[in-house]
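Residue numbers begin at 1 in each chain, while the letters A, B, ... track the order of the sequences. We use all heavy atoms of the structure for the numbers below, so side chains are in, but hydrogens, waters and symmetry mates are not.
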There are 2 protein chains.
Amino acid sequence: MPRPRHTAIREQIEGLILSGVLKPGDRVPSEQELVAEHGVARMTVSRALSDLVAAGLVVRRRKAGSFVAAPPSEEKLLGVPDMRETLPGHAHAVLKRAVRVASGADRARLGALPKGARVLALLVRHDSQGVPAAMEDRLVSLDAVPEAAGESFVEAPPGTWLLERVPWTEAEHRIRAAAADTGMAAMLGMAAGAPCLVMERRTWRGDQPVTAARITWPGDRHEVTVRSSRGPLRG
Amino acid sequence: MPRPRHTAIREQIEGLILSGVLKPGDRVPSEQELVAEHGVARMTVSRALSDLVAAGLVVRRRKAGSFVAAPPSEEKLLGVPDMRETLPGHAHAVLKRAVRVASGADRARLGALPKGARVLALLVRHDSQGVPAAMEDRLVSLDAVPEAAGESFVEAPPGTWLLERVPWTEAEHRIRAAAADTGMAAMLGMAAGAPCLVMERRTWRGDQPVTAARITWPGDRHEVTVRSSRGPLRG
DNA sequence: TGGCGCATTATGTCTAGACATAATCCGAGG
DNA sequence: CCTCGGATTATGTCTAGACATAATGCGCCA
């Protein structure tokens with residue numbers, strides 16, 4: 001079958017959003033404009049926009065128009081709540097911060113990077129009411145997010161900061177249990193060898209790696225929740 | 001706005017699928033039939049069916065018709081692979097099997113059950129190439145799945161068996177790290193106190209609890225992977 | 001009996017209209 | 001300057017057609 005026209009229209013707008021040309025809150029072309037641009041009936045562009053709504057990339061408001069949707073909260077991405085929202089009395093401290101040319105190990109964590117690409121490496125401790133709650137060891141590709149090089153991450157922790165700025169297309173989480181080594185145990189105020197929940201999260205924009213984070217939680221202080229549902233749908 | 005007609009049509013079919021009247025592989029009414037039944041234009045029922053396809057409840061084949069989709073594999077539910085597919089040389093053994101009236105503890109795990117409801121309690125060990133790989137402690141509500149009472153679970157482990165038969169609408173996973181107690185350590189062939197990944201999965205059909213499983217993996221032999229993506233969409 | 005090709009059929013996409021509805025914009029009146 | 005209400009506008013839904021396409025299955029022919 002020839003490629004449906006509504007698919008072409010949808011992909012054009014997807015491209016604008018995922019490439020960053022259109023940012024959250026920006027207006028996307030109205031039905032009228034798309035009808036004129038592509039020379040199709042209104043139902044056809046309506047279908048394209050409806051599909052984008054279903055995918056969560058676009059929100060539409062009568063009379064106002066169609067807009068790029070805010071990216072889903074980390075909460076929705078996986079049950080991993082945004083730390084600032086969930087941990088009571090959350091604070092964080094940036095323990096290390098370095099910009100460097102990606103090493104072999106960095107490449108292994110982030111995936112295919114161009115030769116000589118620079119990365120930002122961060123080590124952050126998250127506290128809840130003065131008690132250490134998690135350690136975050138993160139790499140950010142400066143190819144994908146150049147503006148991260150000038151960010152101190154004092155205001156917002158890197159997870160939150162990135163999620164607000166960088167549109168992503170793909171995310172992977174790997175969760176395992178591990179025993180705390182002595183360094184980790186000291187930083188988290190727990191016994192060496194005690195069980196920890198280790199989560200590695202990687203995100204991509206298209207084929208381009210964006211960030212890789214390893215977050216370690218004391219096993220007795222945290223759990224990850226994932227909820228999924230199958231129909232009835234929104235609507 | 002008055003309730004859209006395509007929504008009413010969609011929900012009618014959703015109801016047939018989720019209530020179990022239509023099972024995976026069954027034919028759903030054709031566009032023609034729905035047009036005649038509801039007195040609407042074909043595009044309207046087409047929209048309803050398209051939404052069901054997007055939700056993964058229905059698959060459509062030209063000339064053949066529309067059919068109830070096979071439920072997603074456990075693989076897709078969460079990155080938790082179906083044990084039979086992923087563990088090389090998988091075998092399982094039912095260690096305990098009991099039918100009883102739900103106790104207070106059973107109620108706490110499964111959620112709201114009618115008074116006097118019966119449950120099936122199972123304890124299953126999963127092996128990979130002769131080595132213990134996981135312990136599964138599961139409750140099944142016999143209100144939701146009466147046919148489970150007569151099933152031995154020798155052929156297929158309970159997770160696989162249930163997934164093939166019971167349509168679900170909601171699933172929740174909680175993942176945490178814990179130290180193995182002596183009993184668990186003995187059954188899994190690991191040291192007491194060693195880290196384990198504990199996953200509790202609960203599923204519902206509508207408001208009705210279906211099953212609750214607690215699966216314990218040795219921390220060094222397993223990890224859970226979750227992948228999510230945001231557009232480009234299928235199609 | 002067996003295999004091939006074509007008619008049939010259900011879905012997939014699209015059009016050019018129509019009316020409904022929510023929300024914004026803007027002007028009139030206070 | 002502020003507020004209320006109506007005109008405007010973009011989206012939401014729907015119709016009655018149309019043509020395209022894939023796949024089934026039947027009949028024809030060997």
Side-chain angles (χ1 to χ4, degrees), chain A residues 1-14 16-17 22-70 231-235, chain B residues 1-14 16-17 22-70 231-235:
Chain A
M1 184 147 45
R3 171 157 271 257
R5 313 254 251 145
H6 71 258
T7 302
I9 297 169
R10 170 165 60 69
E11 286 177 350
Q12 181 209 329
I13 301 170
E14 269 174 5
L16 292 173
I17 295 173
L22 292 178
K23 297 196 194 321
D26 285 357
R27 233 200 129 104
V28 329
S30 71
E31 293 190 347
Q32 292 280 359
E33 292 165 324
L34 290 169
V35 162
E37 180 183 344
H38 293 89
V40 297
R42 191 167 78 94
M43 267 230 80
T44 305
V45 303
S46 178
R47 160 104 194 248
L49 289 168
S50 296
D51 285 352
L52 289 167
V53 169
L57 285 173
V58 160
V59 293
R60 310 185 73 187
R61 284 181 10 240
R62 274 177 164 136
K63 158 73 187 180
S66 303
F67 302 86
V68 178
L233 326 173
R234 63 281 151 189
Chain B
M1 184 145 44
R3 172 157 268 259
R5 315 254 250 147
H6 71 258
T7 303
I9 298 169
R10 169 164 61 67
E11 286 177 351
Q12 181 209 327
I13 301 170
E14 267 175 6
L16 292 174
I17 296 173
L22 292 179
K23 296 195 194 319
D26 284 357
R27 234 198 127 105
V28 331
S30 71
E31 293 190 348
Q32 293 278 1
E33 292 164 323
L34 291 169
V35 162
E37 180 183 345
H38 292 89
V40 297
R42 191 169 75 96
M43 265 230 84
T44 304
V45 302
S46 179
R47 161 101 192 250
L49 289 168
S50 295
D51 286 351
L52 289 168
V53 168
L57 285 172
V58 160
V59 293
R60 309 184 74 187
R61 284 181 13 240
R62 274 177 165 135
K63 157 74 186 178
S66 303
F67 302 87
V68 178
L233 326 172
R234 63 279 151 190

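One interatomic measurement links the two molecules: NZ of B:K63 to P of D:dA23, which rounds to 12 Å at whole-angstrom precision. One can place CE of A:M43 at 9 Å from P of D:dT13, the figure rounded to the nearest angstrom. C:dT13 atom P lies 13 Å from atom CD1 of A:I9, rounded to whole Å. When the P atom of C:dG12 is taken as reference, atom CZ of A:R3 falls 17 Å away, rounded to whole Å. Atom CG in B:L49 sits roughly 12 Å away from atom C1' in C:dG12 (whole-Å rounding). A straight line from CZ of A:R47 to C1' of C:dT15 spans 15 Å, rounded to a whole angstrom.
Note on B:R60: every side-chain N or O is 4.0 Å or more away from OP1 and OP2 of C:dA10. Phosphate contact (OP1/OP2 of C:dT11, side-chain N/O of B:S66, threshold under 4.0 Å): present. For C:dT24, the OP1/OP2 oxygens have a side-chain nitrogen or oxygen of A:R61 closer than 4.0 Å. Contact between the side-chain N/O atoms of B:T44 and the OP1/OP2 oxygens of D:dT15 is found at a separation under 4.0 Å.
Of the candidates C:dC25, D:dC14, C:dC14, the closest approach to any side-chain atom of B:R5 belongs to D:dC14.
At least one side-chain heavy atom of A:V28 sits less than 4.5 Å from a side-chain heavy atom of A:V68. Looking only at side-chain heavy atoms (C-beta outward), B:V45 and B:H6 stay at 4.5 Å or farther from each other. Using a 4.5 Å heavy-atom threshold, the side chains of A:I17 and A:E14 count as separate. Annotation: side chain of A:V58 is in contact with side chain of A:R60 (closest heavy-atom distance under 4.5 Å).
Contact between A:A70 and A:P24 at its shortest, heavy atoms only, is CA-CB, 4.2 Å.
Using a distance-only test at 3.5 Å, with no hydrogens or angles considered, no donor-acceptor pair links the side chain of A:D51 to the main chain of A:A48. In this structure, the side chain of A:T7 does not engage the main chain of A:R3 through any donor-acceptor pair within 3.5 Å. In this structure, A:R27 contributes its side chain and A:A64 its backbone to a donor-acceptor pair below 3.5 Å.
Contacts with DNA chain D (heavy atom under 4.0 Å) in residues 31-41 of chain A: A:E31, listed by number.
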Throw together a table of side-chain donor-acceptor distances under 3.5 angstrom for residues 33-44 of chain B, partners on residues two or more places apart or in other chains.
unit_1, atom_1, unit_2, atom_2, d
B:E33, OE1, B:S30, N, 2.7
B:E33, OE1, B:S30, OG, 3.3
B:H38, ND1, B:L34, O, 3.2
B:H38, NE2, B:Q12, OE1, 3.0
B:R42, NH1, B:E31, OE1, 2.4

What does the list of N/O pairs under 3.5 Å between the protein and nucleotides 18-20 of chain C look like, with a distance for each?
unit_1, atom_1, unit_2, atom_2, d
C:dA18, N6, A:R42, NH2, 3.1

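Along DNA chain D, the nucleotide nearest B:A64 and the nucleotide nearest A:S30 are compared for position; the residue whose nucleotide lies closer to the 5' end is A:S30.
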